[in-house]
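The structure appears right after this line, and notes come after that.
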Amino acid sequence: MTETLKNDRLLRALRREPVDCTPVWLMRQAGRYLPEYRATRQRAGSFLAMAKNPELACEVTLQPLARFDLDAAILFSDILTVPDAMGLELYFVEGEGPKFRKPVRNAADIAKLAVPDMETELRYVTDAVRTIRRELAGSVPLIGFSGSPWTLACYMVEGGGSDNFPTIKALALNDPAALHRLLSVNTDAVIAYLSAQRAAGAQVLQVFDTWGGTLSPAMYREFSLPYLVRIARELPRGGGAERTPLILFGKGNAPYLEELAASGAEGIGVDWLVEMSEAARRTQGKVALQGNLDPAMLYGSPQAIADQARRTLDSYAQGNGGSRDGHIFNLGHGLSPDMDPEHVRALVDAVHEHSKR
Ligand code: 1CP
């Protein structure tokens, strides 16, 4: 488990140590924009069949690494595995995204929820982590992940994706105590889930707070931020150079960067609505920063993409006293199925090329 990594740029950047060039990985780097992913998914029959089979999950995790010079692998799974294991029964309708057969809508539903057993209900996830670590053989670090308590609650209460979250926002107003109980169980589950992934071999952990930015500031500070802070404080992750770093990614989290930087997390992931220079200035070297190219920039030409990558890299350095240290390059959110793999290559190569020390 503790073999030395051939490429430790990501871990060094998370400790804000010097690196030979800026590490880059991309949210949803394994996905439908890759023809080999679509082929594996076809063979598996469905997304869930793929995610629940450790060999197939490993295969798709490694696909983007075989093509591009990426500095990390991310476990192929989904944030919704946790509520599924809590008994909400996840399923997919072709073309409609994830849904739950048994959403939780009121205090009585919420009272029945408990932290799922990692050894049984979520064994397929830790098995996938072990399989991927073995196959990576120390080439790059493996990132494990979870949804944030708030983002998981959004899907659990709405019963699937949503545009404006009517059911959970009504619950926040009409029965805030019930919502806090849900967020508290989710927080315990996230801590147990990330701990299990770490024990199985995940070397970096990321929490996706995809929907925190849909909350007003007062509600973000009541329903999302305190639970992120609890994870950052309570998640056991070792000490010294062996510490497993935690990244808190949030869409729309720019208003809260000072608070997130004080949470105890090692890294903060930001979307493209904030300049990297501003994010670096406001976090004052307390954390590493991950981001933040607008994913839509990948629809530009390879030359335009390289220019934009350079812009993002230089913006970070400008706000970080002229140094590129402590930056992890990523998109501000995930890749989309209609993106061109050759444009992804242009991005990854431009990041390394332009950030050479
Ligand atoms: O093949 C398919 O049709 C399924 C599409 C798909 C994929 C490729 C889903 C369903 N999940 C995934 C993988 C996934 N999901 C990863 C893999 C690792 C990677 O390469 O990055 C990760 C990290 C996630 C996390 C996830 N799932 C998030 C947080 C990150 C984000 O994108 O904001 C969220 C919100 C989900 C929910 C989800 N799962 C799948 C879909 C289509 C959605 C979004 C649904 C919606 O809100 O409308």
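Every heavy atom of this structure was used, including side-chain atoms; hydrogens, water molecules and symmetry mates were not. Ligands are counted one by one from 1 in listed order, and the atoms in each one are counted from 1 as well.
In this structure, Tyr37 has its ring center under 6.0 Å from that of Phe76. Proximity of the aromatic rings of His343 and Tyr299 is defined here by a centroid distance below 6.0 angstrom, and this criterion is not met.
The contact set between ligand 1 and Phe92, taken as ligand atoms under 4.0 Å from a residue heavy atom, comprises 10 (C). Every atom of ligand 1 with a heavy atom of Arg41 under 4.0 Å away is listed here by number and element: 1 (O), 2 (C), 3 (O). Taking a cut-off of under 4.0 Å to the non-hydrogen atoms of Gln29, the atoms of ligand 1 that pass are 19 (C), 20 (O), 21 (O). For ligand 1, the atoms lying closer than 4.0 Å to a non-hydrogen atom of Ala30 are 20 (O). Shown in contact with Ile74 at under 4.0 Å from a heavy atom are these atoms of ligand 1, numbered in order with element: 18 (C), 19 (C), 20 (O), 21 (O). For ligand 1, the atoms sitting less than 4.0 Å from at least one non-hydrogen atom of Phe208 are 23 (C), 29 (C), 30 (C), numbered in the order shown with element in parentheses.
With respect to atom 36 (C) of ligand 1, the closest heavy atom belonging to the protein is Ile79 CG1, 3.7 Å. Protein heavy atom nearest atom 35 (C) of ligand 1, with residue, atom name and distance: Tyr155 OH, 3.1 Å. Shortest contact from atom 45 (C) of ligand 1 to any protein heavy atom: Pro98 CD, 3.5 Å. Nearest protein neighbour of atom 13 (C) of ligand 1, counting heavy atoms only, is Ser77 O, 3.2 Å. Protein heavy atom at the shortest distance from atom 4 (C) of ligand 1 is Phe47 CD1, 3.5 Å. Looking only at protein heavy atoms, the nearest one to atom 18 (C) of ligand 1 is Leu75 O, 3.5 Å.
Between Tyr37 and ligand 1, at least one N/O pair is under 3.5 Å apart. When only interatomic distances are considered, the shortest N/O to N/O separation between Leu26 and ligand 1 does not fall below 3.5 Å. Residue contacts with ligand 1: Arg28 is placed with a nitrogen or oxygen under 3.5 Å of a nitrogen or oxygen of the ligand (distance criterion only). At a 3.5 angstrom cut-off on N or O pairs, Asp78 counts as close to ligand 1.
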